[in-house]
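Worksheet for the structure shown next.
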Amino acid sequence: MAVIQTMGLSKRYKDNWAVDHLNLNVEQGDVYGFIGRNGAGKSTTLKLLCGLARPTQGEALIFGKPVQDTVARRRVGALIEQPGLYPDLSGRENLRLYGVLLGLDSPERQVDEIMETVGLPSQEKKPVKQYSMGMKQRLGVGLALLGGPDLLLLDEPINGLDPEGIREMRELLLRLNRERGLTLVISSHILGELSKMATRYGIIQQGRMAEEINAGELAQKCTDYLHLKTDQPQKTAALLERELCLNRLEMRPEGELRIYETVDAGAVGQILARAGIAVTELSLHRQDLESYFLERMGGADHV
């Protein structure tokens, strides 16, 4: 089931297209990592999806209904940029106040549950201005959970956290996904950390979707392999499988072969030379997660 679907979603500020005909698809149960350089349009997209901004062009559907639909919006919780907290109130008081503003039935019961869920002391009376960054971010997630949403939109929820805070936030978000079945859309520039959570990714470049890819496909693309091209690819594959006892050799379009096993490139060349097979390309392909993302985002600066 499609939880989010955008068709040509666009937002222009004066002469700048912050979001430019974006097509984005999020399925139920996804932990969707939304990745792009600073200024690529991540935050603007999330604002469009939760109704904080109006599109210039295009359409966005949430649970099959327009973003403006009241029923659909009640199923969405959001933490965009910094949580809007009242610094002189405690975390509990912030949650209770927002619950009243949302018109929730029995907000007190929800407050108790949310405080426990996000790992904050339920009877803590300390004002939010004395909270650590990690506590503030967890409280921000707690505010997004008010009303029992089915979808969370989280803009840089681990930004500025120390390693322990990052781990706590990761565990919280994964628990919400696994135990409550929440669909999560998480924008972040901390690529390694996002890879520990995401099941699917959307890579945005200059307001446009550069690629949507699931975690399995990404892992395959980031696996080291020996790249090989010859004038006789079929014969090459059969010969190498027999001579080197290969189990992970893949035939690709345009005659490319990929060997996903540790083999000696020199030995491969010698085997093919003895068989009279001309090698046109032979190289070791190395690509880690970060380099792949940077390439798709259009460069390494200002991620």
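Just so you know, these numbers come straight off a predicted model, no measurement behind them. Count residues from 1 along the sequence.
Partners of Arg274 by side chain to side chain contact (heavy atoms under 4.5 Å, CB included), not counting sequence neighbours, listed by chain and number: Gln270, Ile271. In this structure, the side chain to side chain donor-acceptor pair (under 3.5 Å) partners of Arg75, at least two apart in sequence or on a different chain, are Asp150. Partners of His227 according to the ring-ring contact (aromatic ring centres under 6.0 Å, His included) rule, which considers only residues two or more places apart in sequence or in another chain, do not exist here. Taking the side chain to side chain donor-acceptor pair (under 3.5 Å) definition, one finds that Arg252 meets it with Glu250, sequence neighbours left out. For Phe34, there are no ring-ring contact (aromatic ring centres under 6.0 Å, His included) partners at least two apart in sequence or on another chain. Under the rule for a side chain to side chain donor-acceptor pair (under 3.5 Å), Gln110 has no partner lying at least two apart in sequence or in another chain. Residues forming a side chain to side chain donor-acceptor pair (under 3.5 Å) with Lys129 (at least two apart in sequence, or on another chain): Asp88. When the side chain to side chain contact (heavy atoms under 4.5 Å, CB included) test is applied to Leu97, the partners found at least two apart in sequence or on another chain are Tyr86, Leu89, Leu101. Under the rule for a side chain to side chain contact (heavy atoms under 4.5 Å, CB included), the partners of Glu217 that lie at least two apart in sequence or sit in another chain are Ile213, Asn214. Scanning for salt bridge (Lys or Arg N to Asp or Glu O under 4.0 Å) contacts around Glu256 gives Arg258, with sequence neighbours left out. Evaluation of the side chain to side chain contact (heavy atoms under 4.5 Å, CB included) rule for Val128 yields Leu85, Asn94, Tyr131, Lys136, Leu139 as partners, not counting sequence neighbours.
Nearest heavy-atom pair, Pro149 versus Leu146, reported as atom, atom and distance to 0.1 Å: CD-O, 3.9 Å. Across all non-hydrogen atoms, the minimal contact from Gln137 to Ile158 is NE2-N, 4.5 Å. Thr183 and Glu27 make their closest contact through CG2-O, 3.6 Å (heavy atoms, listed as atom of the first residue, atom of the second, distance). The heavy-atom pair separating Arg138 from Met169 by the smallest distance is N-CE, 3.9 Å. For Ala60 against Thr6, the heavy-atom pair with the smallest separation is CB-CG2, 4.0 Å.
There is no path of hydrophobic side-chain contacts, each under 4.5 Å, that joins Val26 to Leu61.
Each of Leu22, Ile35, Thr44, Leu24 was evaluated against Ile204; a single residue qualifies, Leu22, per the side-chain contact (heavy atoms from CB on, under 4.5 Å) test. Screening Leu48, Leu46, Leu52 for a side-chain contact (heavy atoms from CB on, under 4.5 Å) involving Cys50 leaves a single residue, Leu52.
Not a single donor-acceptor pair under 3.5 Å links the side chain of Asp30 to the backbone N or O of Tyr32. The main-chain N or O of Lys229 is found under 3.5 Å from a side-chain atom of Thr280 such that the two form a donor-acceptor pair. In this structure, Thr230 contributes its side chain and Thr236 its backbone to no donor-acceptor pair below 3.5 Å. Between the Lys42 side chain and the Arg37 main chain, a donor and an acceptor come within less than 3.5 Å of each other.
Using modelled atom types, one finds a donor on one side chain and an acceptor on the other under 3.5 Å when comparing Arg180 with Thr117. For the residue pair Tyr225 and Glu261, no side-chain donor N or O sits within less than 3.5 Å of a side-chain acceptor on the partner. Ser10 and Asp20 are not linked by any side-chain donor-acceptor pair at a separation below 3.5 angstrom, with hydrogens and angles left out of the test. With 3.5 Å as the limit, one finds no donor-acceptor pair spanning the side chains of Tyr98 and Glu93.
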Show me the side-chain donor-acceptor pairs of residues 62-70 shorter than 3.5 Å, one per line, residues at least two apart or across chains.
unit_1 : atom_1 : unit_2 : atom_2 : d
Asp69  : OD2    : Val71  : N      : 3.1
Asp69  : OD2    : Ala72  : N      : 2.9

Passes side chain to side chain contact (heavy atoms under 4.5 Å, CB included), Glu59 versus Leu9? Steps please. CA-CA 5 Å; Glu59 185 178 12; Leu9 187 65; over 6 Å; no

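Residue Leu152 holds its CG atom at 5.5 Å from CG of Leu145, rounded to the nearest 0.5 Å.
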